[in-house]
Amino acid sequence: VQLQASGGGLVQAGDSLRLSCAVSARTFSSYHMGWFRQAPGKEREFVAAITWSGDMTYYADSVKGRFTISRGNAKNTVYLQMNSPKPEDAAVYYCAAKIYHPLVRLRPHTVDDYESWGQGTQVTVSS
């Protein structure tokens, strides 16, 4: 499976930005999807995740209430709506995929739980 993240750029604090991740997979609806970010000098950290069915979403405490993850299975795309971004949200954002298996529980916050990664899209937030 291949992932292509897009939508990053320069945004003012308090505005909004939507990231997209296009997934080339025959069965996109069989994948859990996640967003992570990495700022310079820091480790990659979890931002948000959504289950294969879309019935569960997970968020880092730092973005809860401001960011929303969603998926459009008809378009093989997962989105991250970033509302009221803060300067500390600036980072390279990566989308990731983990195939669904009924006997394997998703650990949404765990980098190593995801099998495929996109190339990243830069988000810069000006204050």
- prompt: Between the side chains of R18 and Y79, does any donor sit under 3.5 Å from an acceptor?
  reply: no
Determine all donor-acceptor pairs shorter than 3.5 Å in which one atom belongs to a side chain in residues 68-75; sequence neighbours excluded.
{"from": "R71", "atom 1": "NE", "to": "N73", "atom 2": "OD1", "distance (Å)": "2.9"}
{"from": "R71", "atom 1": "NH1", "to": "Y31", "atom 2": "O", "distance (Å)": "2.8"}
{"from": "R71", "atom 1": "NH1", "to": "T51", "atom 2": "O", "distance (Å)": "2.9"}
{"from": "R71", "atom 1": "NH2", "to": "F28", "atom 2": "O", "distance (Å)": "2.9"}
{"from": "R71", "atom 1": "NH2", "to": "Y31", "atom 2": "O", "distance (Å)": "3.0"}

field: Shortest non-hydrogen contact between T121 and A5, atoms and distance
entry: CG2-CB, 4.1 Å
task: Go through the structure and list residues passing side-chain contact (heavy atoms from CB on, under 4.5 Å) with Q2, not counting sequence neighbours.
output: S24
query: Looking at Q38 and K42, what are the two nearest heavy atoms and their distance?
result: NE2-O, 3.1 Å
query: Given the side-chain rings of F36 and Y114, with only the six-membered ring counted for Trp, is the space between their centroids under 6.0 Å?
result: yes
field: Set of salt bridge (charged side-chain N to carboxylate O under 4.0 Å, His left out) partners for D55, sequence neighbours left out
entry: none
statement: Smallest heavy-atom separation, P85 atom then V11 atom, equals CG-CG1, 4.0 Å
query: Residues in salt bridge (charged side-chain N to carboxylate O under 4.0 Å, His left out) with R66, at least two apart?
result: D89
query: Under 30°, 30 to 60°, or over 60°: which ring-plane class applies to Y100 and H32, parallel, tilted or perpendicular?
result: perpendicular
task: Please name the pair of heavy atoms, one in S20 and one in T77, separated by the smallest distance, quoted to 0.1 Å.
output: CB-CG2, 4.1 Å
field: R37 to Y94 six-membered ring, cation-pi geometry met (6.0 Å, 45°)
entry: no
- request: Go through the structure and list residues passing side-chain hydrogen bond (donor to acceptor under 3.5 Å, both in side chains) with Q81, not counting sequence neighbours.
  value: N83
- request: Please identify each residue that fulfils side-chain contact (heavy atoms from CB on, under 4.5 Å) with D113, with sequence neighbours left out.
  value: K98, L106, R107, T110
task: Considering non-hydrogen atoms only, spot the tightest contact between S127 and A13 and give its length.
output: CA-CB, 4.3 Å
